Amino acid sequence: MGILDSKIPSGPLADKWTQYKNDINLVNPANKRKIDIIVVGTGLAGGSAAATFAELGYNVKTFCYQDSPRRAHSIAAQGGINAAKNYQGDGDSNYRLFYDTIKGGDYRSREANVYRLAEVSGNIIDQCVAQGVPFAREYGGLLDNRSFGGVLVSRTFYAKGQTGQQLLLGAYAAMNRQINRGKIKAYNRHEMLDLVLVDGKARGIIARNLVTGEIERHSAHAVVLASGGYGNVFYLSTNAMGSNVMAAWRAHRRGAFFANPCYTQIHPTCIPVSGEHQSKLTLMSESLRNDGRIWVPKRLEDAKAIREGKMKPTQLSEEERDYYLERRYPAFGNLVPRDVASRAAKERCDAGFGVNKTGQAVFLDFKSAIERYGKEQAQIHGIGNPSKEKITELGEGIVEAKYGNLFQMYEKIVDENPYKTPMMIYPAVHYTMGGLWVDYNLQTTIPGCYAAGEANFSDHGANRLGASALMQGLADGYFVLPYTIGDYLSQDIRTGPIPTNSPEFDSVEKDVRDRIMRLMSGKGKHSVDYYHKQLGHIMWNKCGMSRNAQGLKEAIVEISALRTDFWENVRVPGNADGLNQELEKAGRVADFLELGELFAKDALNRNESCGGHFREEYQTKDGEALRDDEHFKFVSAWEYKGEPKDAVLHKEDLVYENIELKTRSYK
Ligand SMILES: Cc1cc2nc3c(=O)[nH]c(=O)nc-3n(C[C@H](O)[C@H](O)[C@H](O)COP(=O)(O)OP(=O)(O)OC[C@H]3O[C@@H](n4cnc5c(N)ncnc54)[C@H](O)[C@@H]3O)c2cc1C
């Protein structure tokens with residue numbers, strides 16, 4: 001237990017970060033030129049960190065497996081980014097953003113980190129506006145906001161349904177400026193396969209050039225891992241197909257503790273699974289819950305008729321619909337947090353009220369919003385006694401302006417017009433709150449190895465509120481790491497370049513080559529996807545939206561057996577000395593097969609329900625998550641010891657000095 005030192009500065013919560021920045025060591029501009037930093041990942045967290053390090057004067061090398069930083073998974077983010085600017089004058093403040101985030105995470109996050117996040121949130125918006133990010137604006141020109149789940153204010157800044165794309169273009173532009181200056185050397189289509197430690201410090205990586213197959217050595221004074229989340233351990237998720245845990249997991253194998261692996265966010269509004277052939281799920285942004293109302297039929301026979309195609313949802317009157325979130329949670333209604341909305345959808349579908357063929361879907365309906373906006377527009381344009389058709393036309397115009405690209409995407413996938421008939425949605429795996437354990441400096445348990453963005457165990461506790469991942473990734477990259485890494489690197493001003501011809505690099509490179517050969521030499525019975533799909537089934541059925549001890553024990557045994565089978569029987573065609581996407585996938589799935597088991601072990605160990613971790617044995621009589629603050633108010637940080645079954649648990653006790661621990665209620 002004593003190993004974990006979160007290094008939270010002393011002093012009052014609101015002064016900690018400022019005071020800390022005043023006290024830490026700095027590196028002068030001339031010395032920064034002598035220091036190299038590797039950044040693995042060029043999504044929002046890595047891209048913003050790399051650009052800022054280079055701007056400060058460090059020599060930066062970036063790595064990503066895509067052909068351009070612009071293709072990082074961050075580009076998929078739709079709904080928006082939070083900041084406590086209080087532009088709406090609706091009572092927002094740093095404290096409220098802090099409070100909402102701690103409560104949203106079900107009191108399982110670190111106070112000091114979350115307060116810092118809230119504190120720098122406003123800077124992120126200013127930074128991005130300065131870069132030219134085209135945030136939505138109101139008629140008068142001021143930045144617009146909308147509301148997201150789990151909060152009672154509107155603090156989400158957005159760029160239509162493409163916020164991640166616009167933010168990433170901003171970060172990428174900032175990177176490009178530094179690439180042009182020669183301060184960033186970008187290694188695209190390169191995959192980090194291992195971390196190299198010299199004298200206990202992270203001093204480099206082994207990467208594979210994915211085009212030529214060449215294995216390369218890269219050294220630096222510090223390594224930042226910003227390699228994204230691991231939702232694809234479930235096979236089906238809203239993540240990009242390539243998202244994986246490799247970089248973080250390889251660091252874990254070298255000594256970085258992995259925290260809270262079982263904390264997963266299931267997003268309530270995704271396009272439902274349609275069959276076995278699928279390899280990807282599509283998100284319908286949470287922003288839609290600002291205007292969409294979620295319901296199922298009140299009567300089982302109506303649900304059955306809709307499932308069988310004998311009735312259309314539009315035939316049911318208001319009285320025949322059960323707006324179950326509005327019924328159960330009057331204060332937050334359709335904007336309850338994601339874990340709450342997801343479980344409520346599952347509960348209705350399990351009770352037989354599901355509305356698609358598989359019985360695993362609920363409606364997200366814009367009828368009321370279209371009417372409301374239509375009437376308002378008619379009033380604005382002085383149209384007296386507008387017809388029903390006119391109201392619908394005007395209302396649809398407003399809904400299109402707000403969410404047009406999402407509606408278009410839905411129609412393309414489902415082949416139904418969501419303006420005319422309600423969308424069908426169901427929860428899906430979306431975000432992972434677990435990740436590499438980091439201290440206040442974002443340093444892992446390996447000195448010199450940092451983790452940022454979704455790759456670290458983050459500030460979100462047991463549940464992430466919407467629009468807070470972009471905020472955290474950019475806070476880490478633009479405003480936290482550039483300070484904290486300097487404090488560490490100030491010890492390295494006389495070190496000089498780190499050589500790559502050392503025994504440490506030899507040894508790790510050998511491990512990497514051996515592992516590749518092992519992957520290539522499976523007996524060839526099954527494809528990599530076969531194993532990934534099997535793993536996904538186990539994860540979803542036994543470690544998914546609700547979990548119990550029996551299922552988790554089974555999952556541990558099944559995943560372990562699947563892993564053994566994988567290493568004996570996997571088929572990786574082609575060879576290792578050139579482009580081979582099956583080999584890339586095999587390496588990633590091999591890591592998922594270890595992580596999956598640790599995930600189940602972590603979930604089994606946590607005998608309570610909190611946020612996205614719902615253990616059936618621990619619930620209130622209303623079916624809400626039941627925490628056990630007395631025994632589980634800690635971060636689980638797992639130390640690698642070979643097989644996942646041997647991983648050793650370390651606990652970081654969470655101290656709440658500024659916020660009262662309460663039952664989490666959204667009623
Ligand atoms: C569909 C969708 C919509 C979302 N919408 C929102 C939203 O509206 N608001 C919000 O706040 N959050 C949203 N999120 C969450 C948010 O997008 C992500 O959490 C965030 O973008 C992650 O950023 P990141 O920089 O940590 O990682 P990523 O963007 O995933 O980037 C990972 C980077 O690491 C690189 N990498 C990974 N492994 C290796 C390796 N081994 N070697 C080399 N490079 C490697 C990749 O190439 C990539 O560059 C959404 C998520 C999804 C799935």
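In this text, all values refer to a predicted model and were calculated from it rather than measured experimentally. Counting convention: from 1, in listed order, for ligands and their atoms alike.
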Exercise. Compute the centroid of each ring, for Tyr640 and then for Phe258, and state whether the two points are separated by less than 6.0 Å.
Key: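 They do not qualify: ring centres at least 6.0 Å apart.
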Exercise. Measure centre to centre between the rings of His460 and Tyr431, then say whether the value is under 6.0 Å.
Key: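 Yes, close enough.
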Quiz prompt | side-chain hydrogen bond (donor to acceptor under 3.5 Å, both in side chains) pairs, two or more places apart, involving residues 41-55 | solution =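 Listed by first then second residue: Glu55-Arg177, Glu55-Gln178.
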Exercise. Identify whether the distance between the nearest side-chain nitrogen and carboxylate oxygen of Arg254 and Asp511 falls below 4.0 Å.
Key: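 Answer for the salt bridge query: yes.
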Quiz item: Is the closest basic N to carboxylate O distance between Glu582 and Lys585 below 4.0 Å?
Solution: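 A salt bridge links Glu582 with Lys585.
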Quiz prompt | Neighbouring protein residues of ligand 1 - any heavy atom closer than 4.0 Å | solution =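 Answer by chain and number: Val40, Gly41, Thr42, Gly43, Leu44, Ala45, Phe63, Cys64, Tyr65, Gln66, Ala72, His73, Ser74, Ala76, Ala77, Gln78, Gly79, Gly80, His190, Glu191, Met192, Ala226, Ser227, Gly228, Thr238, Asn239, Ala247, Leu283, His430, Tyr431, Gly453, Glu454, Arg464, Ala467, Ser468, Ala469, Leu470.
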Quiz item: For Leu44, does its backbone N or O pair with a side-chain atom of Ser74 as donor and acceptor, under 3.5 Å?
Solution: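 Checking the backbone N and O of Leu44 against the side chain of Ser74, a donor-acceptor pair under 3.5 Å is found.
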